[in-house]
> 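Pasting in a structure now, in structure tokens, and then I'll have a few things to ask.
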Amino acid sequence: MNSPIWMPYTQMKEAPTPLMVRSGRGAMLELEDGRQVMDCISSWWVTLHGHAQPEIAAAIAAQAGQLEQVIAAGFTHQPAEELARRLTGRLPFLPRLFYSDNGSTAVEVGLKVAFQYWRNQGAAGRRRFLSLEGAYHGDTLGAMSLSGRSLFTEAFAEMLLPVDFVPFPQAWLGDEGVEEREARALEHLEGLLRRSGEEYAAMILEPLVQGAAGMRMCRPSFLQAAEVLLRRHGVLVIYDEVLTGFGRTGEFFACQKAETRPDILCLAKGLSGGFLPLAATLCAEELYQAFCSGDPRHTLYHGHSYTANPLGCAAALASLELLEKEDYRFREMEDWHREELAELADHPHLRRLRVCGTIAALEVEGAAGYLHELGPRLRQRFLERGFLLRPLGGVIYLVPPYCLERAQLGAVYRCIGEVVSAEVSS
Ligand SMILES: *Cc1c(COP(=O)(O)O)cnc(C)c1O
């Protein structure tokens, strides 16, 4: 196709012609040629309530007719104030909120706040960061630095900040090795902290679920133990809840499910219900206070032209309204996943079945790695059957919109079982 569009995460030389989408409704997308496709991954994990959700669409339209945008320094507006109050109200230990416009910038803000926090207090020796192997925190340079070194970061290695990585203790259903993996990861972390604890500004973690790594899941116990170690050495804790926020893990936020208390928390993706780019970085009071000073050098010099965009805030408020009214939708999905995963437990080619709230994943035996050729082949077969799934190599995962019905979820799992049987044995 002769389009000027250079697509994200796409080798354009081999890219199949993109599918033209005409409209969306609930979990379904309608293509220009009339085909119906069920969106089982919430269009890159953002579409919380389904496509074109009428209440959110109406809230945006009403806001657009009143105030579409205003400079965010020196001015504010009702939707931004109310949204900030409601988000910080849900996480009272994080009473300050900084707006930006996507997950990468939410992480960038968290990274800069943590770094400058120490500098403002004259503890400029705390310059390094800790992260988890396999992490993904976004594509801007700071966020990329905090991400696990991989094919994605390889070309930019020389541009990245120094970061030390701790193994991620992955867990799955029926797994018996997790305790040992947790112990080893914590030992590794403790070793780093004992050696150079005073050099670290913060550790960033994707709590409970590492998204881009292939929906790898860990237990709350690991997050709790890591937090104790980090606190002991005065290292700040940043949670990247860009994926896990807003019900994805079965609770409103993963930190609540894990019963942990980060100092900084990053939100984006589902924040606006998947309608508009909007992000927020929440901070503990102590961090905020370290920037309030008579010295202009203590100011957080960061901002974006669309900071606290009123349309995004209005969409987010409407989305929150839906989440609160229908929270059973994200709370009950884990049971559905478990029932379906149990049906696939004896599948000859599937292993490491796992679930956390609304997110589930399974791996095709012997197809490790993001570039494994099976990924695109499976994606094509799923699409032919009317399902949008985007395996990460041999990892098939589901991140459905919360409007998905029980029977629809059953149909996705049946399709997965059949397609994997056909593709792997052939
Ligand atoms: C998607 C994602 C990001 C980056 O968000 P963008 O809006 O794509 O910049 C950061 N962290 C996590 C955990 C993500 O899943």
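Residue numbers start at 1 and run along the sequence shown. We use all heavy atoms of the structure for the numbers below, so side chains are in, but hydrogens, waters and symmetry mates are not.
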> I need the full list of salt bridge (charged side-chain N to carboxylate O under 4.0 Å, His left out) pairs touching residues 111-134, with sequence neighbours left out, sorted by first then second residue.
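Non-adjacent pairs meeting salt bridge (charged side-chain N to carboxylate O under 4.0 Å, His left out): Arg128-Asp164.
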
> Parallel, tilted or perpendicular: which fits the ring planes of Tyr402 and Phe330, with parallel below 30° and perpendicular above 60°?
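Rings of Tyr402 and Phe330: tilted, 30 to 60°.
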
> Check whether any side-chain heavy atom of Leu230 sits under 4.5 Å from a side-chain heavy atom of Leu189, and report yes or no.
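Yes - at least one pair of side-chain heavy atoms lies under 4.5 Å apart.
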
> Quick one: ring pair (Phe, Tyr, Trp, His ring centres under 6.0 Å) pairs with a partner in residues 260-296, sequence neighbours left out?
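Every candidate ring pair (Phe, Tyr, Trp, His ring centres under 6.0 Å) pair involving residues 260-296 fails, so no pair, neighbours aside, qualifies.
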
> Can you list every pair that meets salt bridge (charged side-chain N to carboxylate O under 4.0 Å, His left out) and has a residue in residues 68-84, with sequence neighbours left out?
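Salt bridge (charged side-chain N to carboxylate O under 4.0 Å, His left out) check on residues 68-84 returns Glu82-Arg86.
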
> Is there a donor-acceptor contact under 3.5 Å linking the side chains of His302 and His304?
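Present: a donor and an acceptor within the cut-off.
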
> As a test of understanding, state which of Val364, Leu374, Val412 forms a side-chain contact (heavy atoms from CB on, under 4.5 Å) with Ile396.
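Of Val364, Leu374, Val412, side-chain contact (heavy atoms from CB on, under 4.5 Å) with Ile396 is met by Val364 alone.
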
> Any chance you could lay out the side-chain contact (heavy atoms from CB on, under 4.5 Å) test for Phe252 and Leu320, step after step, and finish with the verdict?
CA-CA 10 Å; Phe252 236 92; Leu320 268 184; 3.8 Å; yes

> Donor-acceptor pair, distance only, cut-off 3.5 Å: does the side chain of Arg149 make one with the backbone of Ser147?
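Looks like yes, one N/O pair under 3.5 Å.
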
> Judged by atom type as modelled, is there a donor-acceptor pair below 3.5 Å linking the side chain of Thr10 to the main-chain atoms of Trp6?
no

> Not counting sequence neighbours, which residues clear salt bridge (charged side-chain N to carboxylate O under 4.0 Å, His left out) with Arg354? List them please.
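For Arg354, the residues satisfying salt bridge (charged side-chain N to carboxylate O under 4.0 Å, His left out) (neighbours in sequence not counted) are Glu363.
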
> Which pair of non-hydrogen atoms, one from Ala258 and one from Pro220, has the smallest distance, and what is that distance?
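It is CA-CB, 3.9 Å.
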
> Examine distances only and state if a side-chain atom of Gln121 and a backbone atom of Ala290 form a donor-acceptor pair shorter than 3.5 Å.
no

> Could you tell me if Thr105 and Ser100 have a donor-acceptor pair between their side chains, going purely by distance under 3.5 Å?
yes

> Going by the salt bridge (charged side-chain N to carboxylate O under 4.0 Å, His left out) test, which pairs reach into residues 278-291, not counting sequence neighbours?
Arg96-Glu285

> Do Glu182 and Ser221 pair up side chain to side chain, a donor and an acceptor below 3.5 Å, judged on atom types alone?
yes

> Any side-chain to backbone donor/acceptor pair from Ser145 onto Leu141? Under 3.5 Å, distance only.
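Present.
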
> Return the minimal non-hydrogen interatomic distance between Ala360 and Leu341, and the atom names on each side.
CB-CD1, 4.4 Å

> Do other residues, nucleotides or ligands put more than 12 heavy atoms under 6.0 Å from the CE atom of Met12?
yes

> Can you give me the closest heavy-atom contact between Phe382 and Pro391, atom names plus distance?
CE1-CG, 4.1 Å

> Does Phe75 have more than 12 heavy atoms from other residues, nucleotides or ligands lying within 6.0 Å of its CZ?
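Atom CZ in Phe75 is not packed in, count stays at 12 or less.
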
> Looking only at atom types and distance, does a side-chain atom of Ser104 sit under 3.5 Å from a main-chain N or O of Asp139, one as donor and one as acceptor?
yes

> Taking Ser42 for the side chain and Val399 for the main chain, is one N or O donor matched with an acceptor at less than 3.5 Å?
yes

> Looking at every non-hydrogen atom in both residues, tell me the closest pair between His77 and Ala308 and how far apart they are.
NE2-O, 2.9 Å

> Is the side chain of Asn120 donor-acceptor paired with the backbone N or O of His298 at a distance under 3.5 Å, no angle test?
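Side chain of Asn120 to backbone of His298, a donor-acceptor pair under 3.5 Å: yes, one is there.
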
> Taking the side chain as every heavy atom from C-beta outward, state whether Ile204 and Ser131 have any atom pair closer than 4.5 Å.
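Ile204 reaches Ser131 side chain to side chain.
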
> Going by salt bridge (charged side-chain N to carboxylate O under 4.0 Å, His left out), name the residues that satisfy it together with Arg329, two or more places apart in sequence or in a different chain.
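Testing Arg329 for salt bridge (charged side-chain N to carboxylate O under 4.0 Å, His left out), a comparison that skips the adjacent residues, returns Glu326.
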
> Only pairs under 3.5 Å count here: list side-chain donor-acceptor contacts from residues 236-244, not counting sequence neighbours, and write none if there are none.
unit_1 : atom_1 : unit_2 : atom_2 : d
Tyr239 : OH     : Thr260 : OG1    : 2.7
Asp240 : OD1    : Val242 : N      : 3.0
Asp240 : OD2    : His137 : ND1    : 2.7
Glu241 : OE1    : Thr244 : OG1    : 2.9
Glu241 : OE1    : Ala254 : N      : 2.8
Glu241 : OE2    : Ala254 : N      : 3.2
Glu241 : OE2    : Cys255 : N      : 2.9

> Using the rule given for side-chain contact (heavy atoms from CB on, under 4.5 Å), can you reason through Leu383 versus Leu19, listing the C-alpha separation, both sets of side-chain angles and the distance that settles it, and then say yes or no?
CA-CA 11 Å; Leu383 202 54; Leu19 301 169; 3.4 Å; yes

> Verify side chain to side chain donor-acceptor pair (under 3.5 Å) between Tyr397 and Trp45, making sure each step is shown before the conclusion.
CA-CA 11 Å; Tyr397 69 86; Trp45 326 339; 2.9 Å; yes

> Go through it in stages, so that I can follow the logic: the residues are Met38 and Met28, the test is side-chain contact (heavy atoms from CB on, under 4.5 Å), and I'd like the CA-CA distance, side-chain angles, deciding distance and then a yes or no.
CA-CA 5 Å; Met38 190 192 293; Met28 304 305 293; 3.8 Å; yes

> Under the criterion salt bridge (charged side-chain N to carboxylate O under 4.0 Å, His left out), I'd like the reasoning laid out for Glu190 against Arg194: C-alpha separation, chi angles, the key distance, then a yes or no.
CA-CA 6 Å; Glu190 195 167 15; Arg194 257 209 230 106; 3.4 Å; yes

> Within the distance-only criterion (no hydrogens, no angle test), does the side chain of Thr249 pair as donor or acceptor with the backbone N or O of Gly357 below 3.5 angstrom?
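Side chain of Thr249 to backbone of Gly357: no pair is present.
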
> Please list all pairs meeting salt bridge (charged side-chain N to carboxylate O under 4.0 Å, His left out) that have one or both residues in residues 70-80, counting only residues at least two apart or in different chains.
none

> Assess whether a salt bridge exists between Glu334 and Lys257, defined as any Lys/Arg side-chain N lying under 4.0 Å from an Asp/Glu carboxylate O.
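Counted as a salt bridge, because a side-chain N and a carboxylate O are separated by less than 4.0 Å.
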
> Are any of the side-chain heavy atoms of Leu398 and Leu409 separated by less than 4.5 Å?
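They are in contact (side-chain heavy atoms under 4.5 Å apart), so the answer is yes.
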
> What pairs with Ala280 under side chain to side chain contact (heavy atoms under 4.5 Å, CB included), at least two apart in sequence or on another chain?
Leu97, Tyr99, Leu271, Leu282

> Does the side chain of Ser43 come under 3.5 Å of the side chain of Arg390 through a donor N or O and an acceptor N or O?
no

> Any idea which heavy atoms bring Leu392 and Gly214 closest together, and the distance?
CD1-CA, 3.5 Å

> Kindly say whether Tyr136 contributes a backbone atom to a donor-acceptor pair with the side chain of Glu206 at under 3.5 angstrom?
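Checked: pair present.
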
> Among all residues two or more places apart in sequence or in another chain, which pass the side chain to side chain contact (heavy atoms under 4.5 Å, CB included) test with Ala213?
Gln210, Arg216

> Evaluate the side-chain contact (heavy atoms from CB on, under 4.5 Å) criterion for residues Ile56 and Ile60: first the C-alpha distance (whole Å), next the side-chain angles of each, then the deciding distance (0.1 Å), finally the verdict.
CA-CA 6 Å; Ile56 302 179; Ile60 295 171; 4.1 Å; yes

> Looking at Val235 and Met203, what are the two nearest heavy atoms and their distance?
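Answer, listing the atom of Val235 first, then Met203: CG1-N, 3.8 Å.
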
> Under the rule for salt bridge (charged side-chain N to carboxylate O under 4.0 Å, His left out), what residues qualify as partners of Glu365, not counting sequence neighbours?
Arg351

> Got a sec, which pairs hit ring pair (Phe, Tyr, Trp, His ring centres under 6.0 Å) with one end in residues 146-192, sequence neighbours left out?
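For residues 146-192, and leaving out neighbouring residues, the ring pair (Phe, Tyr, Trp, His ring centres under 6.0 Å) pairs sorted by first residue read Tyr9-Phe152, Phe152-Tyr370.
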
> What's the verdict on salt bridge (charged side-chain N to carboxylate O under 4.0 Å, His left out) for Arg219 and Asp175, showing C-alpha distance, side-chain angles and the deciding distance?
CA-CA 12 Å; Arg219 305 192 305 176; Asp175 159 37; over 6 Å; no

> Is it true that Arg184 and Glu179 have a side-chain N and a carboxylate O under 4.0 angstrom from each other?
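Between Glu179 and Arg184 there is no salt bridge, as every charged N stays at least 4.0 Å from the carboxylate O atoms.
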
> Within the distance-only criterion (no hydrogens, no angle test), does the side chain of Glu251 pair as donor or acceptor with the backbone N or O of Phe253 below 3.5 angstrom?
no

